[in-house]
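For reference, the structure discussed in these notes is given below.
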Amino acid sequence: MYKIRHMNILLIEDDHELALNLIETLELYCNGVFYANTTNAAKKLLQTKEIHIIFSDIHLHMENGLDFLQELQLQNLNIPIVIISGFDKKEYLFQAIHLNVVDYIVKPIHLDRLELALSKCEQVIKKIPNSHYKFNDDIIFDMAKKIVVHKNAKECELTAKEYAFLKICVDFPGHIITKEMIECYVFENETMGNAAFKNLIFRLRKKLGFNFIKTIPNLGYKIGD
């Protein structure tokens, strides 16, 4: 099964029963799903939650989903959008193209079609230069600026090697980061002594918190639990 475990999805849909079924399905693929049945509720979630992908119906109660998506485009949020609709009308498809929508899915939604849309979204996100990665509720990794931002808004600059280590953690979420991986991706295949590894991890722990990076005896390191 195709998965994007580190990403959150905002679902905008006014059909409650359909939304519940789609949320249950999307949760199999991603980190979390936030649900809104109106555009106002969607705006609040965008302001308070880390959203990576938007799935939105066109026909919302007393609202046009395309108008809302056009408003988002003007804000340059760089969030890939997937339209879900019960209508396969050319005028909607034409509007969607001009809104830079990543995909347009006609209901009922089949799993293979859903996975294709998620894959397209991930490819778009990878090309966004200011991508943010949320490690947890306290720390966000800004890969464009090469900094980490704490929940109190404190920013910490990263050295090239510190950035490279955190990038491995993003590329291999949930995995143990071994000495061999660090030598390959951080030290560019240069054989390093234990002091170099310990110094790198110590510096990162000072910036991120001493419980942020866990030591896995005889194996390597891991982010979080």
Side-chain angles (χ1 to χ4, degrees), residues 2-10 26-27 29-34 44-54 75-80 118 121-225:
Y2 181 84
K3 292 194 176 183
I4 46 173
R5 288 189 177 91
H6 60 287
M7 296 186 190
N8 295 323
I9 296 173
L10 170 60
L26 287 171
E27 285 179 338
Y29 295 86
C30 66
N31 178 63
V33 180
F34 298 97
K44 291 179 181 178
L45 286 170
L46 285 166
Q47 292 171 352
T48 58
K49 305 295 181 182
E50 185 79 6
I51 303 296
H52 304 94
I53 298 170
I54 294 175
Q75 297 177 32
N76 295 315
L77 295 181
N78 284 328
I79 299 177
L118 291 172
C121 289
E122 185 180 34
Q123 294 308 311
V124 169
I125 290 171
K126 286 181 178 179
K127 295 177 182 178
I128 297 174
N130 61 341
S131 292
H132 291 64
Y133 185 90
K134 188 174 182 180
F135 281 116
N136 53 39
D137 291 335
D138 296 331
I139 296 174
I140 294 175
F141 177 26
D142 187 327
M143 289 178 275
K145 295 182 179 179
K146 296 186 177 181
I147 61 173
V148 289
V149 183
H150 293 259
K151 66 178 180 180
N152 60 3
K154 176 186 175 183
E155 296 183 357
C156 292
E157 294 185 6
L158 300 167
T159 66
K161 288 182 171 55
E162 291 166 354
Y163 168 85
F165 178 89
L166 292 183
K167 188 64 169 59
I168 302 174
C169 298
V170 171
D171 292 338
F172 300 92
H175 287 240
I176 293 174
I177 309 303
T178 65
K179 179 180 178 180
E180 290 74 19
M181 293 171 71
I182 298 172
E183 283 185 340
C184 177
Y185 295 103
V186 178
F187 294 103
E188 299 179 345
N189 291 316
E190 182 181 354
T191 302
M192 306 300 296
N194 287 332
F197 289 98
K198 290 181 179 179
N199 185 45
L200 171 65
I201 300 303
F202 177 76
R203 294 199 316 267
L204 277 169
R205 282 173 172 160
K206 285 185 66 176
K207 293 181 179 181
L208 304 173
F210 282 90
N211 293 322
F212 182 78
I213 302 175
K214 310 292 184 182
T215 299
I216 311 299
N218 302 318
L219 293 176
Y221 303 96
K222 190 176 180 182
I223 296 295
D225 297 331

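Values below: every heavy atom of this structure, side chains too, minus hydrogens, waters and symmetry copies.
- Counted within 6.0 Å of OH on Tyr185, heavy atoms from surrounding residues, nucleotides or ligands total 12 or fewer; the atom is thus considered open.
- Partner of Ile79 under the side-chain contact (heavy atoms from CB on, under 4.5 Å) criterion, out of Val124, Ile125, Leu46: Leu46 alone.
- Considering all non-hydrogen atoms of both residues, Asp138 and Asn136 come closest at N-OD1, 2.7 Å.
- Contact annotation: the side chain of Val170 approaches that of Phe135 to within less than 4.5 Å [non-hydrogen atoms, C-beta and beyond].
- Between the His52 side chain and the Asn8 main chain, a donor and an acceptor come within less than 3.5 Å of each other.
- Under a 3.5 Å cut-off, the side chain of Lys154 and the backbone N or O of Lys151 do not form any donor-acceptor pair.
- Within the 3.5 Å criterion, the main-chain N or O of Glu157 finds a donor-acceptor partner in the side chain of Lys207.
- Between Ile147 and Phe141, the shortest heavy-atom contact is O-CD1, 3.5 Å.
- Side-chain contact check for Tyr221 versus Ile201: some heavy-atom pair is nearer than 4.5 Å.
- Between Val149 and Lys134, the closest side-chain pair of non-hydrogen atoms is not below 4.5 Å.
- To the nearest 0.5 Å, the span separating CG on Leu166 from CG on Leu204 amounts to 5.5 Å.
- Scanning both residues, Phe34 and Leu45, for their nearest heavy atoms gives CB-CD1, 4.0 Å.
- Using a 4.5 Å heavy-atom cutoff, the side chains of Leu118 and Ile9 are in contact.
- Between Phe165 and Ile213, the closest side-chain pair of non-hydrogen atoms falls below 4.5 Å.
- Here the closest non-hydrogen pair linking Glu162 and Thr159 is OE1-N, 2.9 Å.
- Salt-bridge check for Asp171 with Lys167: passed, with a basic side-chain N closer than 4.0 Å to an acidic carboxylate O.
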Step-by-step side chain to side chain contact (heavy atoms under 4.5 Å, CB included) determination, Ile140 to His150:
CA-CA 7 Å; Ile140 294 175; His150 293 259; over 6 Å; no
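- Pairing each heavy atom of Leu208 with each of Val148, the nearest pair is CD2-CG2, 3.4 Å.
- Aromatic ring centres of Phe202 and Phe197 lie farther apart than the 6.0 Å criterion allows.
- Annotation: Lys161, atom NZ; neighbour count of heavy atoms from other residues, nucleotides and ligands within 6.0 Å does not exceed 12.
- A 4.5 Å side-chain heavy-atom check between Phe187 and Ile182 finds at least one atom pair inside the cut-off.
- Smallest separation of non-hydrogen atoms from Leu158 and Tyr163: CB-N, 4.1 Å.
- The number of heavy atoms from other shown groups lying within 6.0 Å of CG (Asn152) is above 12.
- Glu183 places no side-chain N or O within 3.5 Å of a backbone atom of Glu180 that could act as its donor or acceptor partner.
- Lys179 has its side chain within reach of Asn194: a pair of non-hydrogen atoms, C-beta onward, lies under 4.5 Å apart.
- Between Cys169 atom SG and Met181 atom CE the span is 8.0 Å, to the nearest 0.5 Å.
- For the pair Ile53 and Met7, the minimum side-chain heavy-atom distance is below 4.5 Å.
- Aromatic ring centres of Phe210 and Phe212 lie farther apart than the 6.0 Å criterion allows.
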